[in-house]
Structure formats: structure tokens, C-alpha cells
Amino acid sequence: MFALAALSVGVVALYLSYDIGSAVAAKTRLGDAADTAAYSAAVWRARALNFAAYGNRAIIAQEVAVAQALTRQSWIAYFERFTETVAEVAQIFPPAYAIAEGVHEAVQIAQELTDIAAQAEIRLRDEPEVGYKTLLVRSQRLIHGAGGVFGAGAVALEVAKAADPRLVAFALPDGGAYKRFARVYSSDADRARLADVTLRSLDAYSRDRGREHYLPLVSSCLLAGGDPRADYHKRGGTMLVPGLERWEAADTGSIKNNVRARFSRRCSRREIAPVGWGGAEAAAPRPEGGLRGDPGRVRENPLAYANADRELANAGERQHTTTGIASVLELDESILTGRRPPRSRLAVLASLPAAKLRDSAALGLAPAGAGSGHWPGGRLWAVSAAEAYFRRPPAAGERRSELASLYGAFWQARLVPITAADRDAAQAYVER
């Protein structure tokens, strides 16, 4: 009898230890799955933020490419006019005229090819509705939205199912924190920040291509003091006209010299002969025709500037319709005011039906569902948390510290301790 009693106690202990061991093992696997799902969801969110950063950089690159295309068009138009002027002057010496005319014809062909290439490039990069820049802006917002609670929850569920088809996982609501994490530029002041980055990204030649070449000419003011030398005054540049909707490129070249006034007989430096000029524009919603700004100080050659302005008003091949400075995503200022770097946090709740445990009931040693009543809602639960944070990797360059933004693609993911708020949110869901 004693042996039978001891055997019965042993069977009960074995039954309980097996059930407890199965529950502990399942709970451990569930916790690991919750951590993996939370980390994976945070990685997806970090990638969405990095995509926004790459998108911002690509959008700036499109703007710079448009400006450079206008630079090429403006310069080749200027050079075409320059060679034409040289050919006209060279008519007094037939051998030189033949060479100058040949160069001018070659430049005309180059100008036609440049205009065709610039039109195709600007349409590809910044055509309204279908240009690459517009597609970048739309995809940026789409991917950023996919990093929200719903998208992160979908990633968490997929990862949990890959670990164990019996598991269910989803991201807990964050009260709109992710939506407030970044915002779309909504005002001209916001877009001016992107314009400033774009202008600073332009190459030096596009910004200002002016120079002076002294000429072997003697002015009538040789004895009046001042610089007696004449010079070829070249000015040119590409700029974003105030208003954020219009790029202008212009080039002018004129001969300047000190000239004595007819009546006052005073000497002053003046433009005595415009030699070359050209311009190009790209604007939203459509080009206006003519020059509005002073890119590269081209107004210093007023006669050549007037010629460039007049020609551009009728030069359809050098007028392009674009979208202007884009409204892109950037971190909201409200999250940048604190001392802590901005972080986008999320919590994931994972569960396993208690009926799916490999316990004594699953082995037929106890009634089906005998142990499921011990668990809230008949399920095992585990909560985990992770965050996307900004940090430049040590191998990314000498700058180890950098302010978080959506221009640097250095968003990473890591697990973080769960908080009381995470537990309360999970508890509220479990008890529903």
C-alpha cells in the first residue's frame, strides 16, 4: 500500500513537473519570439527612417542635377553667341574668318545636342506628376507610413509566425507617437531649409563662373589715373530665385574699359561691347520667360544681360516646367527640444494559445484544455520593446557624433527594457 501511495504521488509530481516544464519552455520560447519580433519591427522602422533620409538626399540630387543641366544650357548658349561675335569680327581677315565660322558651326551643333539632352534630363528628373523627384516624394511618405504601428505589427506577426506558426504578435498602440515623430515640410520657411542645403550642394562652377581676362587695349583715360587696362568681363551663375519655384542660369561676357564721358570728360569703367550671352530657366508651375534674378552677378554686364533676357523670353528649348523645391519629411521640432536624442519606440505583445502547449493534456494524460484555464484568456503572453535610434557607426567616418535628422541614414534598432506603461498597455489588452 505504501508503495502504491508513493507511486501515485510520484505520478502526480511527474505530471505537474512535466506541465510546469512545458509551460516554462513555452514561455521562454515565447519571450524569445517577442524579443525577435520587437527587434525586427524596430529594424523595419529604422529602415523606413533611413529610406526617408536617402529619399531626401536623392531629392536634393535631383534639384542639383536640374541646376547643372540649366548651367550647361546657359553656358553653351553663351558660347554659341560668343563664337558668332568672334566670327563677325573676323570677317576683316578671311583666313581667320574661315576658322571662326567653322568653330561657330560646331558650337551650334553642340548647342542643339545640349538642349535635347537637358530637356530629356529635366523631364526625367522633375517633370510634374511623373518625374523621378515626384516619385521619390510619394514613395518616401508611403514607406514612412509603413513604419507605423500597423506596418511594424505586420512585421512582428510575420517574424513570430516564422519562429512558431502557433504564435501571434502585434505592436501595441503608441498614442500617435510615431505620427508625431516626423512631419512633412508645410511652409516656405520649411522648404527654404531644403533650398539652402541644395544651394550649398551645388558645385562651385554652377554657383559662380565669373572671371576677368585683361586685353591689350589702351583706354582714352590712360593719363587720368585708375586702371588703364581693358578686360573681358565674364559673369555667370545658376541660382534659385527667391520664391523657391524657379531656377535661373545666365552667362554674360562683355569688353569693359575706362571711357571718358562725352560732356563731363570724366573717366569711368563701362561696358563697351557685349560679346556673349545666354540663359536658361526651370520654374513651377510654368516658366515665365526672361530673367528675374542676378545669377553669378550677370547684371554687371547690362547690355549682355539685356540681350540674354530678351533671347530667353523666346527660347522655348531653354524653358522647362518643374515642381519647385519639394515638401519632404523631416523630424518634428518638438522631439528635438529635449536633451535626449530622439528615439522612436515600440512595444510588441506576443501570445501562444494554452491549448497548443505540449503538456499532459496534449499527451492524453489529462482532459483536453485542463491547463488552459490557468492562463489569462487561455493564452500565454510576453511583451517586449525596441526602439529605432540615430547613431553614426564608428566605421562611417571621423565624425562620431551627429545630430539626428532625416538627412543622415544612420538609424539603427535595439531592444530596450519594457516600462510600466508597456505592462499597463499589455494588461489592458489581455483583460479585454
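Keep in mind that the numbers below use all heavy atoms, side chains included, and drop hydrogens, waters and symmetry copies. This is a predicted model, so every value here is computed, not measured.
Counting all heavy atoms, side chain and backbone alike, A413 lies closest to A46 at N-CB, 4.5 Å. Scanning all heavy atoms of the two residues, the minimum distance from V298 to P295 falls at CG1-O, 3.0 Å. Shortest non-hydrogen contact noted between A169 and A160 is CB-CB, 3.7 Å. Summarising the geometry of A52 relative to L329, their closest heavy-atom pair is CB-CD1, 4.4 Å, with the distance given to 0.1 Å. Among all heavy-atom pairs drawn from G148 and R45, the shortest one is C-NH2, 3.6 Å. When all heavy atoms of V86 and A100 are compared, the pair lying nearest together is CG1-CB, 4.3 Å.
Between R246 and E248, at least one side-chain N (NZ, or NE/NH1/NH2) sits under 4.0 Å from a carboxylate O, which counts as a salt bridge. Contact check on R191 versus D188 returns a salt bridge, with a Lys/Arg side-chain nitrogen under 4.0 Å from an Asp/Glu carboxylate oxygen. One finds a salt bridge joining E333 and R183 here, because a Lys/Arg side-chain nitrogen approaches an Asp/Glu carboxylate oxygen to under 4.0 Å.
Counting heavy-atom neighbours within 6.0 Å of W381 CH2, excluding the residue itself, gives a total above 12. Residue E158 places its CD atom among 12 or fewer non-hydrogen atoms of other residues, nucleotides or ligands, all under 6.0 Å distant. Within a 6.0 Å sphere centred on OH of Y407, other residues, nucleotides and ligands contribute more than 12 heavy atoms. In F150, the CZ atom is not crowded: 12 or fewer heavy atoms of neighbouring residues, nucleotides or ligands sit closer than 6.0 Å.
With N301 as reference, T252 is the one residue of N307, D251, T252 to meet the side chain to side chain donor-acceptor pair (under 3.5 Å) rule. Partner of E281 under the side chain to side chain donor-acceptor pair (under 3.5 Å) criterion, out of H320, R318, Q319: Q319 alone.
Both tests hold for R209 against Y205: distance to the six-membered ring centre under 6.0 Å, angle to the ring axis within 45°. For R193 and Y185, the positive end is not near the middle of the six-membered ring at less than 6.0 Å and at most 45° from its axis.
Residues forming a side chain to side chain donor-acceptor pair (under 3.5 Å) with E271 (at least two apart in sequence, or on another chain): S254. Partners of Y305 under the ring pair (Phe, Tyr, Trp, His ring centres under 6.0 Å) rule, at least two apart in sequence or in another chain, do not exist in this structure. Partners of Y39 by ring pair (Phe, Tyr, Trp, His ring centres under 6.0 Å), not counting sequence neighbours: none found. For T323, the side chain to side chain contact (heavy atoms under 4.5 Å, CB included) criterion is met by D126, P128, K133, T134, not counting sequence neighbours. With sequence neighbours excluded, the residues that form a side chain to side chain contact (heavy atoms under 4.5 Å, CB included) with V416 are R345, A385, E387, R414. Residues satisfying the side chain to side chain contact (heavy atoms under 4.5 Å, CB included) test with T198, not counting sequence neighbours, are I60, E63, V64, L194, W247. Residues forming a ring pair (Phe, Tyr, Trp, His ring centres under 6.0 Å) with H233 (at least two apart in sequence, or on another chain): none. Legend: residues meeting side chain to side chain donor-acceptor pair (under 3.5 Å) with Y232, ordered by chain and number and at least two apart, are Y78. The ring pair (Phe, Tyr, Trp, His ring centres under 6.0 Å) search around F170 returns Y429, not counting sequence neighbours. Every residue two or more places apart in sequence or in another chain that forms a side chain to side chain contact (heavy atoms under 4.5 Å, CB included) with Q91 is listed here: Y97.
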message: Go through it in stages, so that I can follow the logic: the residues are F79 and H104, the test is ring-ring contact (aromatic ring centres under 6.0 Å, His included), and I'd like the CA-CA distance, side-chain angles, deciding distance and then a yes or no.
response: CA-CA 9 Å; F79 193 58; H104 175 60; 9.7 Å; no
- request: Would you sort out whether L406 and L49 count as a side chain to side chain contact (heavy atoms under 4.5 Å, CB included), showing the intermediate values?
  value: CA-CA 7 Å; L406 289 187; L49 295 172; 4.1 Å; yes
message: One pair to check against side chain to side chain contact (heavy atoms under 4.5 Å, CB included): S384 and L415. What are the steps and the verdict?
response: CA-CA 8 Å; S384 183; L415 292 172; 4.0 Å; yes
- request: Check the pair F181, I335 against side chain to side chain contact (heavy atoms under 4.5 Å, CB included), reporting the backbone distance first and the verdict last.
  value: CA-CA 7 Å; F181 193 72; I335 68 171; 3.5 Å; yes
query: Taking it one step at a time, do E245 and R286 satisfy salt bridge (Lys or Arg N to Asp or Glu O under 4.0 Å)?
result: CA-CA 9 Å; E245 311 294 344; R286 60 182 181 274; over 6 Å; no
Derivation and outcome, salt bridge (Lys or Arg N to Asp or Glu O under 4.0 Å), residues R207 and D203: CA-CA 7 Å; R207 288 195 298 267; D203 59 286; over 6 Å; no
- prompt: side chain to side chain donor-acceptor pair (under 3.5 Å) between T238 and T71: does it pass, once the steps are laid out?
  reply: CA-CA 6 Å; T238 304; T71 298; 2.6 Å; yes
- prompt: Under the side chain to side chain contact (heavy atoms under 4.5 Å, CB included) criterion, do S344 and W411 qualify, and how do the steps go?
  reply: CA-CA 10 Å; S344 182; W411 292 92; 5.8 Å; no
field: Check against side chain to side chain donor-acceptor pair (under 3.5 Å), R47 and N50
entry: CA-CA 5 Å; R47 288 177 177 175; N50 284 334; over 6 Å; no
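Between V149 and L346 there is no side-chain heavy-atom pair separated by less than 4.5 Å. Counting only heavy atoms from C-beta outward, the side chains of V383 and V348 never approach each other to under 4.5 Å. Counting only heavy atoms from C-beta outward, the side chains of S74 and L70 never approach each other to under 4.5 Å. Side-chain contact between S351 and L167: absent, with no pair of heavy atoms (C-beta onward) separated by less than 4.5 Å.
Here salt bridge (charged side-chain N to carboxylate O under 4.0 Å, His left out) pairs that include residues 138-156, with residues two or more places apart or in two chains, are E129-R138. Residue pairs meeting the salt bridge (charged side-chain N to carboxylate O under 4.0 Å, His left out) criterion with at least one partner in residues 292-306, sequence neighbours excluded, are D208-R297, R235-E300, E288-R292, R297-E300.
Under a 3.5 Å cut-off, the side chain of E311 and the backbone N or O of G278 do not form any donor-acceptor pair. Looking at Q73, its side chain does come within 3.5 Å of a backbone N or O of E317 through a donor-acceptor pair. Listed for the D422 side chain is a donor-acceptor partner under 3.5 Å among the backbone atoms of T419. For K161 (side chain) and R166 (main-chain N/O), no donor-acceptor pair under 3.5 Å exists by modelled atom type.
The CZ atom of F410 sits 9.5 Å away from the CD atom of Q412 when rounded to the nearest 0.5 Å.
Defined by atom type and a distance below 3.5 Å, a donor-acceptor pair is missing between the side-chain atoms of E330 and N56. Q427 and E431 are linked by a side-chain donor-acceptor pair at a separation below 3.5 angstrom, with hydrogens and angles left out of the test.
Checked against a 6.0 Å centroid threshold, the rings of H144 and Y178 count as neighbours.
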